[in-house]
Amino acid sequence: MLYNKIYDFCKVRNFGSVYSNGDKPTPRVQFLIDLLKSENIDYELDTYQSRGNTCYNLILKGDSDRMVVAHHDIVNPNIDNANDNSASVINAIMIKKLMPKMNVVLLDGEECGGLGSQRVSEQINDGYFNTIDWVLNLELTGKGGKYFFIGNYPGKLSNHIKSIFDCPITNTPYNDSVTFRRNGIDSVVINPIPPLNEGKTSCVKWNDDTYLDFSMLYNCHSSKDTIDTIDINDMKHFVEDVVLKILA
């Protein structure tokens, strides 16, 4: 099962953030190239310069008018980076495997201001992907399954998701959807998080009696973002019971 690749991916260590990239693909990018080859998934390694730095996007091109993205870059090279954002990268590849016509892009440089999403925004606006109606951005998708929230980014995609799922909408910190939207492209970030035990509350309410464990998001960039906080069954439920319905 492809979801199991999260365990191997989290063992791979980059040298640092995107600003530590050299003139060859980072260890994490090379891992993804090898994985795509082993799964017989066609890809394009898009190497480009941004702010004087070499960046690497992996483009899994399709013929859909929709796109899924997930960033592969990290900030802290000494941790698993399991939920931020290794799980989302594996989930995005699984989406491509299940929906071969989908456009999927694995982005570099999210952690440093959205370098990869700026590159893809320009490609979308230049017609490289033909017409793209909207971009679904996967962030922190390693735990939670069917329980999720979307960012507060009004538009066609947000309305579409809300027409299928009665999910909460939450204000979020910077993510690649901000860059896409700044370039006139409709985009929403989606983030599953597990429910709290009965009687406990948080700032994200799923329904009348269930709240979501928003505290998990504070694991990002820290030693708490470990592989044991990820549930591959939740990853499967999120992809196959949530995302595929959105993309259908």
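For reference, positions follow the sequence shown, starting with 1. Since the model is a prediction, treat every value here as computed from it, not as a measurement.
Residues L115 and Q118 fail the side-chain proximity criterion, which asks for heavy atoms closer than 4.5 Å. Using a 4.5 Å cut-off on side-chain heavy atoms (C-beta onward), V89 and L138 make no contact. Contact of the C220 side chain with the E111 side chain is not registered, since no non-hydrogen atoms from C-beta on lie closer than 4.5 Å. Using a 4.5 Å heavy-atom threshold, the side chains of W206 and F149 count as separate. Using a 4.5 Å cut-off on side-chain heavy atoms (C-beta onward), L35 and S38 make contact. Annotation: side chain of D63 is not in contact with side chain of N130 (no heavy-atom distance under 4.5 Å). With a 4.5 Å cut-off on side-chain heavy atoms, W134 and V188 do not count as touching. In this structure, V68 and L247 have side chains that are in contact, with non-hydrogen atoms separated by less than 4.5 Å.
With a 6.0 Å radius and a threshold of 12 heavy atoms from other residues, nucleotides or ligands, Y174 has its OH atom above the threshold. Crowding of K162 atom NZ: a count of heavy atoms from other residues, nucleotides or ligands under 6.0 Å exceeding 12. Within 6.0 Å of CG on D42 lie no more than 12 heavy atoms contributed by other residues, nucleotides or ligands.
The two residues G142 and I230 come nearest to each other via the heavy atoms O-CG2, 3.4 Å. In terms of heavy-atom proximity, I6 sits nearest to A87 at CD1-N, 3.4 Å. In plain terms, the two heavy atoms of S64 and I132 that are nearest each other are O-CD1, 3.9 Å. Considering all non-hydrogen atoms of both residues, K200 and Y211 come closest at O-CD1, 3.5 Å. I169 and S158 make their closest contact through CD1-OG, 4.2 Å (heavy atoms, listed as atom of the first residue, atom of the second, distance). Of all non-hydrogen atoms in S20 and G16, the two that sit nearest each other are OG-CA, 3.8 Å.
Judged by distance alone, with hydrogens and angles left aside, the side-chain atoms of D213 form no donor-acceptor pair with the main-chain N or O of P194 at under 3.5 Å. Of the possible donor and acceptor atoms, one in the side chain of N125 sits under 3.5 Å from a partner among the backbone N and O of N183. Checked by atom type and distance alone, the side chain of S50 never pairs as donor or acceptor with a backbone atom of N53 at under 3.5 Å. A donor-acceptor pair is defined here as one N or O able to donate and one able to accept, closer than 3.5 Å; such a pair exists between the side chain of K96 and the backbone of M102. Judged by distance alone, the side chain of Y19 and the main-chain N or O of G109 form no donor-acceptor pair under 3.5 Å. Side-chain N or O atoms of D73 include one that pairs as donor or acceptor with a backbone N or O of E110 at under 3.5 Å. In this structure, N57 contributes its side chain and G116 its backbone to a donor-acceptor pair below 3.5 Å. Side chain of N103 to backbone of G62: a donor-acceptor contact under 3.5 angstrom is found. A side-chain donor-acceptor contact under 3.5 Å links D108 to the backbone of Y56.
Residue R119 holds its CZ atom at 12.0 Å from CG of L107, rounded to the nearest 0.5 Å. A distance of 9.0 Å separates OG1 in T226 from CD1 in I79, rounded to the nearest 0.5 Å. The CE atom of M94 sits 12.5 Å away from atom CE of M99, with the distance rounded to the nearest 0.5 Å. With rounding to the nearest 0.5 angstrom, the CD1 atom of I161 is 4.0 Å from the CD1 atom of I246. Interatomic distance, CG of L217 versus CG of L212, reported as 10.0 Å (0.5 Å rounding). In this structure, D234 CG and K236 NZ are separated by 12.0 Å, a value rounded to the nearest 0.5 Å.
Under the 3.5 Å distance criterion, with hydrogens and angles disregarded, no donor-acceptor pair is assigned to the side chains of S121 and R182. There is no side-chain donor-acceptor pair under 3.5 Å between S86 and N83. For the residue pair D84 / H221, a side-chain donor-acceptor distance below 3.5 Å is found, with atom types taken as modelled. The closest side-chain donor-acceptor pair between Q123 and D46 falls under 3.5 angstrom. Between T210 and Y147, the side chains place no donor N or O within less than 3.5 Å of an acceptor N or O (distance only, hydrogens not considered). For the residue pair T54 / Q49, a side-chain donor-acceptor distance below 3.5 Å is found, with atom types taken as modelled. Side-chain polar atoms of S187 and N137 form no donor-acceptor pair below 3.5 angstrom. With hydrogens and angles left out, the side-chain atoms of N14 and N21 include no donor and acceptor closer than 3.5 Å. With hydrogens and angles left out, the side-chain atoms of S88 and N91 include no donor and acceptor closer than 3.5 Å.
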Exercise for review: Start with the C-alpha distance between E122 and Y128, add both sets of side-chain angles, then the distance that settles side chain to side chain contact (heavy atoms under 4.5 Å, CB included), and finish with yes or no.
Suggested key: CA-CA 9 Å; E122 294 166 3; Y128 179 73; over 6 Å; no
Exercise for review: For the pair Y153 and N175, evaluate side-chain hydrogen bond (donor to acceptor under 3.5 Å, both in side chains) and give the outcome as yes or no after the intermediate values.
Suggested key: CA-CA 11 Å; Y153 303 117; N175 61 83; 3.0 Å; yes
Review point. Hey, mind stepping through T172 and N152 against side chain to side chain contact (heavy atoms under 4.5 Å, CB included) and telling me if it holds?
Key: CA-CA 7 Å; T172 63; N152 187 17; over 6 Å; no
Practice item. Verify side chain to side chain contact (heavy atoms under 4.5 Å, CB included) between V105 and L60, making sure each step is shown before the conclusion. Key: CA-CA 6 Å; V105 185; L60 319 182; over 6 Å; no
Practice item. Would you check, one step at a time, whether the test side chain to side chain contact (heavy atoms under 4.5 Å, CB included) holds for S17 with I74? Key: CA-CA 5 Å; S17 75; I74 54 92; over 6 Å; no
Practice item. Might you work through the salt bridge (charged side-chain N to carboxylate O under 4.0 Å, His left out) test for R181 and D186, ending with a clear yes or no? Key: CA-CA 6 Å; R181 294 175 69 87; D186 187 13; 3.3 Å; yes
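Grouping the Ile, Leu, Val, Met, Phe, Trp and Tyr side chains by contacts below 4.5 angstrom, directly or via other members, places V135 with F129.
Under the 4.0 Å criterion applied to side-chain N and carboxylate O atoms, K61 and E44 are not assigned as salt-bridge partners. Salt-bridge check for R13 with D80: passed, with a basic side-chain N closer than 4.0 Å to an acidic carboxylate O.
Aromatic pair F148/F165: centroids less than 6.0 angstrom apart.
Figure legend: R28 and F9 shown as a cation-pi pair, the cationic atom lying under 6.0 angstrom from the six-membered ring centre and within 45 degrees of its axis.
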